[in-house]
There are 2 protein chains.
Amino acid sequence: MNIAQHLSTHDIKPSYQRIKIYEYLYEKMNHPTVDLIYKNLVGEIPTLSKTTVYNTLKLFIDKGITSTVTIEDNEVRYDAIMDAHGHFKCTSCGAIYDIKYDFKDVAMNELKGFEVKETQVHVKGKCNQCLTNKN
Amino acid sequence: MNIAQHLSTHDIKPSYQRIKIYEYLYEKMNHPTVDLIYKNLVGEIPTLSKTTVYNTLKLFIDKGITSTVTIEDNEVRYDAIMDAHGHFKCTSCGAIYDIKYDFKDVAMNELKGFEVKETQVHVKGKCNQCLTNKN
DNA sequence: ATTTATATTTGTAACGATTACAAATTTATG
DNA sequence: CATAAATTTGTAATCGTTACAAATATAAAT
Ligand SMILES: [Mn+2]
Ligand SMILES: [Mn+2]
Ligand SMILES: [Zn+2]
Ligand SMILES: [Zn+2]
């Protein structure tokens, strides 16, 4: 996918920083924090400011090409995948897995008459790998 | 229910502040923030410190009689209900509703081989009332 | 090409929620 | 009553985020 194109399509001027930040989000698929994005890009973009990372992510969210993931109440993570999906966080190794869920199952009958705009599903536990390695 | 008893059972000495804070959580069922708890109790307990509210909630969570609810990434809320349940937040009036969901539906087959410890379901949208009042 | 305007990035200061910490107070024990 | 232990309190420190204005880069006009 052409990132500059993708940004333009969503009314975002494709500056160097914006392209690099989106590229990181989209290719790593690791649900990074602001700090992680910054630390991973400042090598390649030595003048990068953390404020730019904050501004850019806010812009991405505004234009609808990025979403936030708040599994722990003390860290905000970012995701370039916009299709509805949930997340599993391993409390042992910290890895975050994307999980699918059937939206109908979650938006249950209790919400009849309610207008559902957004659903977040967060699961915590131990991943397969950590269980077999006894971490 | 006897709150002092409930705290004791969970290895928490039932001080005046602890009882009042738990009572607020349990009776209001409003998923309050630290600030809301503080503001609502400082009238009755003029010497109350916000630090005490923080300390007490941390203790409650530690002992397993309170859980956190993080729907918005910039505010932590607290809940005395410990049974697995989800939350609906109305983006119009701000009300938070408890919702039931079938755990089996959410902990889907994708998580086969994973050990699930905790599941959070957060739904945002407009509540029935706000829709009819066109808020 | 040079100037002028506009958009973007950057660095620093301000902010607010949370935590660390030590003093003060309360409660339990001898 | 005296002493020790637990709890609460107030203040300062911390950390993630935001506000803001200066600097830089990009686009438009002359
Ligand atoms: Mn994801
Ligand atoms: Mn609840
Ligand atoms: Zn793991
Ligand atoms: Zn509402």
Side-chain angles (χ1 to χ4, degrees), chain A residues 3-4 6-8 10-25 31-63 65-79 94, chain B residues 3-8 10-25 31-63 65-79:
Chain A
I3 289 175
H6 183 58
L7 298 184
S8 292
H10 289 84
D11 197 26
I12 299 167
K13 287 200 180 147
S15 73
Y16 181 61
Q17 287 87 339
R18 288 170 180 173
I19 289 173
K20 284 296 174 189
I21 290 170
Y22 192 83
E23 186 179 67
Y24 181 82
L25 267 184
H31 308 90
T33 60
V34 161
D35 204 57
L36 192 64
I37 297 171
Y38 175 76
K39 287 207 171 83
N40 272 276
L41 291 181
V42 75
E44 195 177 356
I45 316 169
T47 64
L48 184 65
S49 163
K50 208 175 263 191
T51 300
T52 298
V53 181
Y54 277 107
N55 289 342
T56 301
L57 290 169
K58 183 171 291 189
L59 179 68
F60 287 175
I61 291 166
D62 231 51
K63 301 298 187 182
I65 63 168
T66 297
S67 61
T68 59
V69 179
T70 312
I71 304 177
E72 309 290 344
D73 61 20
N74 60 346
E75 60 175 27
V76 182
R77 295 174 171 275
Y78 297 86
D79 197 338
Chain B
I3 289 175
Q5 184 69 60
H6 183 57
L7 298 184
S8 293
H10 289 85
D11 197 24
I12 298 166
K13 287 201 180 147
S15 73
Y16 182 61
Q17 287 86 341
R18 287 168 180 174
I19 290 173
K20 283 297 173 189
I21 290 170
Y22 191 82
E23 186 180 66
Y24 182 82
L25 267 183
H31 308 89
T33 59
V34 161
D35 204 57
L36 193 63
I37 296 172
Y38 175 77
K39 287 208 172 82
N40 272 275
L41 291 181
V42 74
E44 195 176 356
I45 315 169
T47 64
L48 185 64
S49 163
K50 209 175 265 190
T51 300
T52 299
V53 181
Y54 277 107
N55 290 343
T56 301
L57 290 169
K58 182 171 292 188
L59 179 67
F60 286 175
I61 291 167
D62 232 50
K63 301 298 187 181
I65 63 167
T66 296
S67 62
T68 58
V69 179
T70 312
I71 304 177
E72 309 291 342
D73 60 21
N74 59 348
E75 61 175 26
V76 181
R77 295 173 171 276
Y78 297 86
D79 197 338

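Hydrogens, waters and symmetry mates are skipped; everything else that's a heavy atom, side chains included, is used. To find a chain, count down the sequence lines: A is the first, B the second, and so on, and within it residues start at 1.
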Enquirer: Could you check how far CG of A/Asn74 sits from P of C/dA17, rounded to whole Å?
Expert: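 A/Asn74 atom CG is separated from C/dA17 atom P by 16 Å.
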Enquirer: Go through the structure and list residues passing side chain to side chain donor-acceptor pair (under 3.5 Å) with A/Tyr78, not counting sequence neighbours.
Expert: none
Enquirer: Heavy-atom nearest nucleotide on DNA chain C for A/Leu48 versus B/Lys13: which residue maps closer to 5'?
Expert: A/Leu48
Enquirer: Going by the rule side-chain contact (heavy atoms from CB on, under 4.5 Å), which residues pair with A/Ser15 if we only count those two or more places apart in sequence or in a different chain?
Expert: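 So A/Ser15 forms a side-chain contact (heavy atoms from CB on, under 4.5 Å) with A/Gln17, A/Arg18.
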Enquirer: Indicate yes or no: at least one non-hydrogen side-chain atom of B/Lys50 is less than 4.5 angstrom from one of B/Val42.
Expert: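 Side-chain contact under 4.5 Å: no.
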Enquirer: Is any side-chain heavy atom of A/Thr66 closer than 4.5 Å to a side-chain heavy atom of A/Tyr22?
Expert: yes
Enquirer: Could you grab the distance from atom OG1 of B/Thr56 to atom CG of B/Asp62, nearest 0.5 Å is fine?
Expert: 12.0 Å
Enquirer: Side chain to side chain donor-acceptor pair (under 3.5 Å) with B/Lys63: which residues, sequence neighbours excluded?
Expert: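 For B/Lys63, the residues satisfying side chain to side chain donor-acceptor pair (under 3.5 Å) (neighbours in sequence not counted) are B/Asp11.
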Enquirer: How would you list all residue pairs meeting side-chain hydrogen bond (donor to acceptor under 3.5 Å, both in side chains) that involve residues 67-77 of chain B, not counting sequence neighbours?
Expert: B/Glu72-B/Lys124, B/Glu75-B/Arg77, B/Glu75-B/Lys89
Enquirer: Would you say D/dT9 has OP1 or OP2 under 4.0 Å from some side-chain N or O of B/Thr47?
Expert: yes
Enquirer: Using modelled atom types only, decide if a donor and an acceptor are shared between the side chain of B/Thr52 and the backbone of B/Leu48 within a distance under 3.5 Å.
Expert: no
Enquirer: Please give, in whole Å, the distance from D/dT7 C1' to B/Lys20 NZ?
Expert: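 Interatomic distance, NZ of B/Lys20 to C1' of D/dT7: 18 Å.
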Enquirer: Look at all strands and tell whether A/Ser15 reaches a base, only sugar-phosphate, or nothing, counting heavy atoms closer than 4.0 Å.
Expert: sugar-phosphate
Enquirer: Find the distance A/Gln17:CD to D/dT24:P and express it as a whole number of Å.
Expert: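 One finds 14 Å between P of D/dT24 and CD of A/Gln17, rounded.
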Enquirer: What is the distance, rounded to the nearest whole Å, between atom OH of B/Tyr38 and atom C1' of D/dT8?
Expert: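 Computing the B/Tyr38:OH to D/dT8:C1' distance gives 13 Å.
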Enquirer: Report for the helix from C/dA1-D/dT30 to C/dG30-D/dC1: angle between first-end and last-end helix axes, five pairs each, rounded to 10 degrees.
Expert: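 Comparing the axis at each end, I get an angle of 10°.
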Enquirer: When you compare the protein's N or O atoms with those of nucleotides 18-27 of chain C, which come within less than 3.5 Å of each other, and at what distance?
Expert:
residue: C/dT18; atom: OP2; partner: B/Tyr54; partner atom: OH; Å: 2.4
residue: C/dT18; atom: O5'; partner: B/Tyr54; partner atom: OH; Å: 3.3

Enquirer: In this structure, how many angstroms lie between the P atom of D/dT17 and the CG atom of A/Leu36, rounded?
Expert: 13 Å
